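Only one structure is covered here, and it is reproduced in the block below.
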Amino acid sequence: MSQPPVIAIVVPCYNEEEALPITAPKMLEILDSMAATGLASPDSYILCCNDGSKDRTWETIGRLHAMDSRIKGISLAHNRGHQKVLLAGLMTVCDRCDAAISIDADLQDDPMAIVRMVELFVNEGDEIVYGVRSSRATDSWFKRTSAHAFYNMQRKMGVETVFDHADYRLMSNNALRLLAEYGESNLFLRGIVPHIGLKTGIVTYQRAERVAGESKYPLSKMLSFSIDGITSFSAKPMRMIFLIGTILLVLDIAVAIWVLIAHFCGRTMSGWSSLMLSVWFLGSLILIGMGIIGEYIGKIYIEVKHRPRYAISKTIW
């Protein structure tokens, strides 16, 4: 590139008033170091995206902006969730930067990987650079096992994702413009971004503990997030229902033949236990099938209304 690129660091924030005073100076240091070496433009900046926080996150963003104008902010009118506030931030900086890097405010993702991402963007021409965890040695057994199950399940369901990658990534201005063409309301950016299909790179890093505050992704949200990812990109669950139904139909035919033979041979015997087990088993399968189909119908219902995915109520620039 003839000129150092303008880099926008997009930071989704929900109840991060404790973390931001630690995170923002660290990000500014990285921007200063890249500007000093000519890797990034001095006009690079940080955009903090407030997702309808209940604490004083927005006021904290205002104070940080007063201290350094490179810290900017937007605030959504309501809490819309991590994926939508992140999209709001990326779309806000789309025409105001050469590349955007999304990173959470808790600094669990190593911020020094930003430098290596920009190097791949500038020197190698990679338009999307994924931040990927090098290991999960610091995770508990349950967290590590459930995370791997999350990624393996998505792959088996036909969802194209990057293993051990969250939403820590660099996207060029070109990639952001292509991302803007994806208009779905049921957002799963980890699945959408690989579909863009531009030249990509990977930077590995070690994940650390949160600098402050509490995790915003308990197990219940992770399960919901996984279901959203699968149902937004794959019809395999409904095909599995059809397959199970076909297998049960074959079994029903076999059982019917056996029952008829027993009937005509005079060996019939009333069996309450087997009857009840069959009813409960088939009833459970029917309810599971209805639930999966209902998940897809619910997503169709949301999509056809074409409501705005977010509304920005306040801006600090």
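Since the structure is predicted, the reported quantities are computational estimates derived from the model, not experimental observations.
Contact annotation: the side chain of Asp98 never approaches that of Gln3 to less than 4.5 Å [non-hydrogen atoms, C-beta and beyond]. Contact check for Leu87 versus Leu179: side-chain heavy atoms found under the 4.5 Å cut-off. Looking only at side-chain heavy atoms (C-beta outward), Asp32 and Arg70 come within less than 4.5 Å of each other. Looking at Tyr182 and Ile196, their side chains come closer than 4.5 Å, going by heavy atoms from C-beta outward. A 4.5 Å side-chain heavy-atom check between Leu189 and Arg169 finds at least one atom pair inside the cut-off. Put simply, the side chain of Tyr168 does not reach to within 4.5 Å of the side chain of Val132, judged on heavy atoms. Side-chain contact between Val118 and Ile101 is present, with at least one heavy-atom pair separated by less than 4.5 Å. Side-chain contact check for Asp104 versus His82: some heavy-atom pair is nearer than 4.5 Å.
Salt-bridge formation is not detected for the pair Arg207/Asp110: no Lys NZ or Arg NE/NH1/NH2 atom is positioned less than 4.0 Å from an Asp or Glu carboxylate oxygen. One finds no salt bridge joining Arg80 and Asp51 here, because no Lys/Arg side-chain nitrogen approaches an Asp/Glu carboxylate oxygen to under 4.0 Å. One finds a salt bridge joining Arg177 and Asp95 here, because a Lys/Arg side-chain nitrogen approaches an Asp/Glu carboxylate oxygen to under 4.0 Å.
The number of heavy-atom neighbours closer than 6.0 Å to NZ of Lys314, taken from other residues, nucleotides and ligands shown, is 12 or below.
In this structure, Thr23 contributes its side chain and Ala105 its backbone to a donor-acceptor pair below 3.5 Å.
Remark: the Glu16 side chain and the Thr57 side chain contain no N/O donor-acceptor pair separated by less than 3.5 Å.
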